[in-house]
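The structure appears right after this line, and notes come after that.
Excluded from the calculations below are hydrogen atoms, water molecules and symmetry mates; all remaining heavy atoms, backbone and side chain alike, are included.
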Amino acid sequence: MPRTEKTIMSGWEFALKNVRPEEEDFKEIILPHDWAVNAPFNKEMEQGDAQGYRDRWGMGWYRKKIFVDKKQKDMLYFLDFGGIYENSTIWVNNRKAGGWKYGYSSFRVDITDYVEKGDNDILIRVDNTQRPVDRWYSGCGIYRTVKLIELEQRHFDEREIEINTKISGENAIVTINTGTDACVKGSLSNTDTYYHEESKNGLLTFHVKNVKLWSADEPQLYKLKLELADAGEITDQISMNIGIREITMEPNKGMFVNGKLVKIKGVCLHQEVGCRGIAAKKEIWRTRLKSLKEMGCNAIRASHHIFAEEFLDLCDEMGFYVYEECFDKWTGGLYGRYFATEWEKDIECMVKRDRNRPSIFIWGVGNEVENQGQDTMLGILKMFREKVLTLDKTRPITCAMNPHFKYERDVDLTEIEDIQQFVDVEDDWEITDLTQRVKRIQKIAQYVDVIACNYQEQWYDQIHEAIPDKLILGTEIYQFFKGHPEQLQNYTIENPSLVPTKYNYVIGGMVWTGIDYMGESMGYPAKGWSGACIRTNGEKKPSYYLLQSFWSDKPMVHFSVMDYSLNDEGVKEHWDMPMYADHWHFPQFHKTVIPYMIATNCEEVELFLNGKRYYLSAPNTSGSITGFLPWQPGCVKVIGYKNGTQVCTYETITPGAAVKLEFDTIDAIGEMEDSYEILLTVRARDESGNPYFRESTLVSFQAEGDVEIVAVDNGNLMSNEPYGERSIHMFHGCASVLVRVYSLKEGNAVLAFAEGMQLAKINIR
């Protein structure tokens, strides 16, 4: 009979203890689960800056009873894990069945020999006691999807399926190696076409007419269904979405998708989602990716590890080019303890799991690794490249380079406590001569297909001159400032996101980062990295609109003001931008002038203050207009024009007293399995509905109906307020609550309360 797959996310119990827990230690939880996100803050904790000062050390124990109606003869039983952070061990009925070390890999455990008819005891130990941890907030626990899978002996292994597409004019050929030598049947369909093929040797070929091609602009997907037959009986069935597309890298010309030149307009992301930590359900990422899409972003660098399948499903569906990479450092840092025995397994996990996705356009095998360009590094890079090529020959391979290169020295990397400082710090071993740096890059270029540069746009000319047969990708770029050839962090106002438009040999850039994240703090009280264009609760910053002006084709104009009355958020300076804010509210001023920035992709902009026009020059080469306005309370309005026609407007109004709360509108809830999670944001407003940016009052939330409050967030990574509560102070005039919806019945609602303000209520439908 065909496989059965059952998602098992509820009915789990958890205990945090460094020895095997007693019965009374366990408490009920729902997966996905991250035990660190609600851990107490500890300013003195080891590696607190990396982990957001959340005291996350220890061993977590998970248990659950899984009922098997009857154990079928000749059937196989598997537990499938999207990821466990980290170093997990799984017991079934008190017998060790397996586990995995690296916390970002998906894996499957064969429990056939251990499972019995009736109740089965599953116990999982998650060991987060080893040092060092990741350089960013990693979270802890069973934080991705868990499934129980029942299969016949003759079955498909999704990891062994390989799909190749070839485009010829308006038609395409899709070739599928199912990884078996048996009789298989397959169908390929979209909204208006259907193809069916059979084979006796496990190989299928579909000739697709009038093909609908996948790209980030038009993410057309086909549904592939496969059946495995044995003696006339169907023993297995699987289905997956595939995209038909062709990506080529042409030296001195660029990256072409289906024959069309495409520039990467990308951001780097970590997998953590603010108040839920790493326990991110698919619907939370859908909302985040939607915001990035609206910004004009077309690419994601999944930094610096393997992301969840559900995240990549969304990238396939919504249209993003994905740079997927498996490791940060190699023999140093966290992965150093796993490198010798696990690297092959973890590379296989990434490539075999995701090689059939249209969104994946390049493989990254490392980020800012140790000893760049030295023989030890080149040997590992060559080894990794050869391994990836045994699994997938259809995509380019690269390794993201730090801008720092060092002379050779004998160092035991396993003894280095701060691996990033070892890589970054400008010391006596630093190579300062640009010619020598480029020679190191030339050595690395022998083993990569695209030169991946972090913060090196100031050297692109010299790199290309030395290596003209390779394209360049800015795998990390600053959001606002550009460096100088003689000074990496020079605060030059030439936006790095515009640099790729000047060079055919540069395929694009990826801003560090698209969304704020916990960890990688520059020092207490900062709990994370606040230098992105979107906050952890989804709030868009002025830099969001600046990038939108570069990347989006939709006419836009946006007004921001310089406001140094706001608090420093602990951002590393060169990754930051000037302190612009989205308001027109300066109660501390009487008569002065205020600097402003208008972000726009229009040809001409008009600016009005209380109806009076102030004349502007055209947008500058950085896609913005800057200037000064006299402070007068009231309304600032900007109007954008193209070809002499008004195409967009934006206005901001000085608010009166904050007297009421109001929720932002939300999209309708989509697919629900056991539950659905959604982040709701409430704002302080005056009597006329104008937002009150400077409000910081305490907001409390209450759920009604089949809805549960899970966490709160305000986007302020300087705060010590815990996420796992029902109240939080507003930050820049808003606060957010994450709720879990169990069913879509009448009466589901969330309420928000603040002293002295009219309450807000939103119905969940």
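With ring centers used as reference points, Y53 lies 6.0 Å or more from F41. Aromatic ring centroids of W575 and Y455 lie under 6.0 Å apart. Between H270 and W512, the gap from one ring centroid to the other is short of 6.0 Å. If you look at H574 and Y478, their ring centroids are closer than 6.0 Å. Checked against the 6.0 Å centroid criterion, the rings of Y517 and Y137 do not qualify as a close aromatic pair. For F731 and H729, the gap between ring centers reaches or exceeds 6.0 Å. Residues Y491 and H484 keep their aromatic ring centres 6.0 Å or farther apart. Taking the centre of each ring, W631 and F586 come in below the 6.0 Å mark.
With no hydrogens or angles considered, no side-chain donor-acceptor pair links T645 and N643 at under 3.5 Å. The closest side-chain donor-acceptor pair between S138 and Q51 falls under 3.5 angstrom.
Annotation for G640 and C602: closest pair CA-SG, 3.7 Å, computed over non-hydrogen atoms. Closest non-hydrogen pair, V647 versus P555, comes out as CG2-CB, 3.6 Å. Here the closest non-hydrogen pair linking V699 and V682 is CG1-CG1, 4.1 Å. When all heavy atoms of N601 and S549 are compared, the pair lying nearest together is CB-O, 3.4 Å. Taking each heavy atom of G266 and W551 in turn, the nearest pair found is O-CH2, 3.3 Å. Closest approach of K541 to I534, counting heavy atoms only: CE-C, 4.3 Å.
Contact check on E606 versus R613 returns a salt bridge, with a Lys/Arg side-chain nitrogen under 4.0 Å from an Asp/Glu carboxylate oxygen. A salt bridge is absent between D582 and K540: the closest approach of a Lys/Arg side-chain nitrogen to an acidic carboxylate oxygen does not fall below 4.0 angstrom. The residues K43 and D55 are annotated as not salt-bridged, no charged nitrogen and carboxylate oxygen being separated by less than 4.0 angstrom. Taking the charged nitrogens against the carboxylate oxygens, K660 and E687 have no contact shorter than 4.0 Å, which rules out a salt bridge. Between K282 and E677 there is no salt bridge, since no side-chain nitrogen of the basic residue lies less than 4.0 Å from a carboxylate oxygen of the acidic one. At a threshold of 4.0 Å, the pair E604-K642 does not count as salt-bridged, since none of the basic side-chain nitrogens sits closer than that to a carboxylate oxygen. The pair R535-E569 meets the salt-bridge criterion, since a charged nitrogen lies less than 4.0 angstrom from a carboxylate oxygen. Salt bridge present: R135 and E520 bring a charged side-chain N and a carboxylate O closer than 4.0 Å.
With rounding to the nearest 0.5 angstrom, the CD1 atom of I625 is 11.5 Å from the CZ atom of F559.
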Chi angles and distances behind the side-chain hydrogen bond (donor to acceptor under 3.5 Å, both in side chains) call for N402, N454: CA-CA 5 Å; N402 188 293; N454 291 358; over 6 Å; no
Step-by-step salt bridge (Lys or Arg N to Asp or Glu O under 4.0 Å) determination, E721 to K527: CA-CA 11 Å; E721 292 183 279; K527 311 305 185 306; over 6 Å; no
Applying salt bridge (Lys or Arg N to Asp or Glu O under 4.0 Å) to E325 and R301, what does each step give before you reach the verdict? CA-CA 8 Å; E325 62 190 337; R301 183 181 178 205; 3.0 Å; yes
Might you work through the salt bridge (Lys or Arg N to Asp or Glu O under 4.0 Å) test for E539 and R683, ending with a clear yes or no? CA-CA 11 Å; E539 281 296 286; R683 299 183 190 279; 2.5 Å; yes
Let me see the working for E317 and R286 under salt bridge (Lys or Arg N to Asp or Glu O under 4.0 Å), right down to the final yes or no. CA-CA 10 Å; E317 173 192 331; R286 183 184 295 278; 2.7 Å; yes
